Amino acid sequence: MSVRLDPAFEAAHDALFAVFAEPALVRRGRAAPVPVRVVITYGVSELGDYSQGLSRVTTVKFLNTEWRPRAGDRLQLPAGAFLIERIVVDDGIVTQTVLHG
């Protein structure tokens, strides 16, 4: 479920993406690739029960106005091509995903 947030939050995300985002291409199925800006975070700890560390993953954030990611979408970065494994959170403005592997 996503809830519409105050427009000020949308402007703040736009400003953050303008500074921190990297250019990328994303594609769903056989459709043509779409240029997007993404914020990549490497080595994010995923915690299990009782705050037990389970793994480290790479997360990628998308502005929903540019692309609404789904599991299975392919992301092309300068470092290579990656598959989006799952959605972590969607606040209506930004969707955070986890890359496969």
Side-chain angles (χ1 to χ4, degrees):
M1 176 174 78
S2 66
V3 177
R4 189 72 183 149
L5 299 175
D6 186 301
F9 288 105
E10 197 165 347
H13 282 301
D14 286 337
L16 288 170
F17 268 73
V19 174
F20 295 109
E22 301 178 33
L25 294 172
V26 66
R27 116 182 332 188
R28 183 169 294 144
R30 295 177 186 242
V34 175
V36 293
R37 297 173 297 158
V38 295
V39 175
I40 304 166
T41 308
Y42 299 96
V44 176
S45 293
E46 289 197 305
L47 301 177
D49 294 336
Y50 310 107
S51 297
Q52 177 182 5
L54 297 178
S55 64
R56 294 201 176 268
V57 296
T58 299
T59 64
V60 178
K61 293 178 183 171
F62 293 82
L63 278 173
N64 290 348
T65 56
E66 292 183 0
W67 184 262
R68 294 298 291 252
R70 291 189 209 157
D73 288 353
R74 296 197 175 275
L75 183 66
Q76 181 68 49
L77 300 168
F82 301 91
L83 193 65
I84 294 175
E85 183 176 293
R86 61 190 153 85
I87 305 299
V88 177
V89 67
D90 178 352
D91 67 7
I93 299 172
V94 172
T95 300
Q96 182 176 352
T97 65
V98 171
L99 296 183
H100 179 72

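Remember, predicted model here, so these are calculated numbers, not experimental data. In what follows, every heavy atom counts, from backbone to side chain, and hydrogens, waters and symmetry copies are set aside.
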For residues 17-25, which side-chain N or O atoms pair as donor and acceptor with protein atoms under 3.5 Å away, sequence neighbours left out?
none

Donor-acceptor contacts, no H, no angles, side chain residues 81-88, under 3.5 Å, sequence neighbours left out:
| residue | atom | partner | partner atom | Å |
| --- | --- | --- | --- | --- |
| Glu85 | OE1 | His100 | ND1 | 3.3 |
| Arg86 | NH1 | Glu46 | OE2 | 3.2 |
| Arg86 | NH2 | Glu46 | OE1 | 2.9 |
| Arg86 | NH2 | Glu46 | OE2 | 2.6 |

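Rounded to the nearest 0.5 angstrom, Thr58 OG1 and Ile40 CD1 are separated by 8.5 Å. His13 contributes atom NE2, which lies 10.5 Å from atom OG1 of Thr65 (distance to the nearest 0.5 angstrom). Interatomic distance, Leu75 CG to Leu99 CG, rounded to the nearest 0.5 Å: 6.0 Å.
Sorted by first and then second residue, the side-chain hydrogen bond (donor to acceptor under 3.5 Å, both in side chains) pairs with a member in residues 30-44 read Arg37-Glu66; sequence neighbours excluded. Among residue pairs with one or both ends in residues 71-83, those qualifying as salt bridge (charged side-chain N to carboxylate O under 4.0 Å, His left out) are Arg28-Asp73; sequence neighbours excluded.
Residues Val34 and Leu77 fall within the same hydrophobic cluster, defined by Ile, Leu, Val, Met, Phe, Trp and Tyr side chains chained together at heavy-atom separations under 4.5 Å. The hydrophobic clustering, which links ILVMFWY residues whose side-chain heavy atoms are closer than 4.5 Å, places Leu63 and Val38 apart.
Among the candidates Val39, Val36, Val94, the single residue satisfying the side chain to side chain contact (heavy atoms under 4.5 Å, CB included) test with Phe62 is Val36.
With sequence neighbours excluded, the residues satisfying side-chain hydrogen bond (donor to acceptor under 3.5 Å, both in side chains) with Asn64 are Asp90, Thr95.
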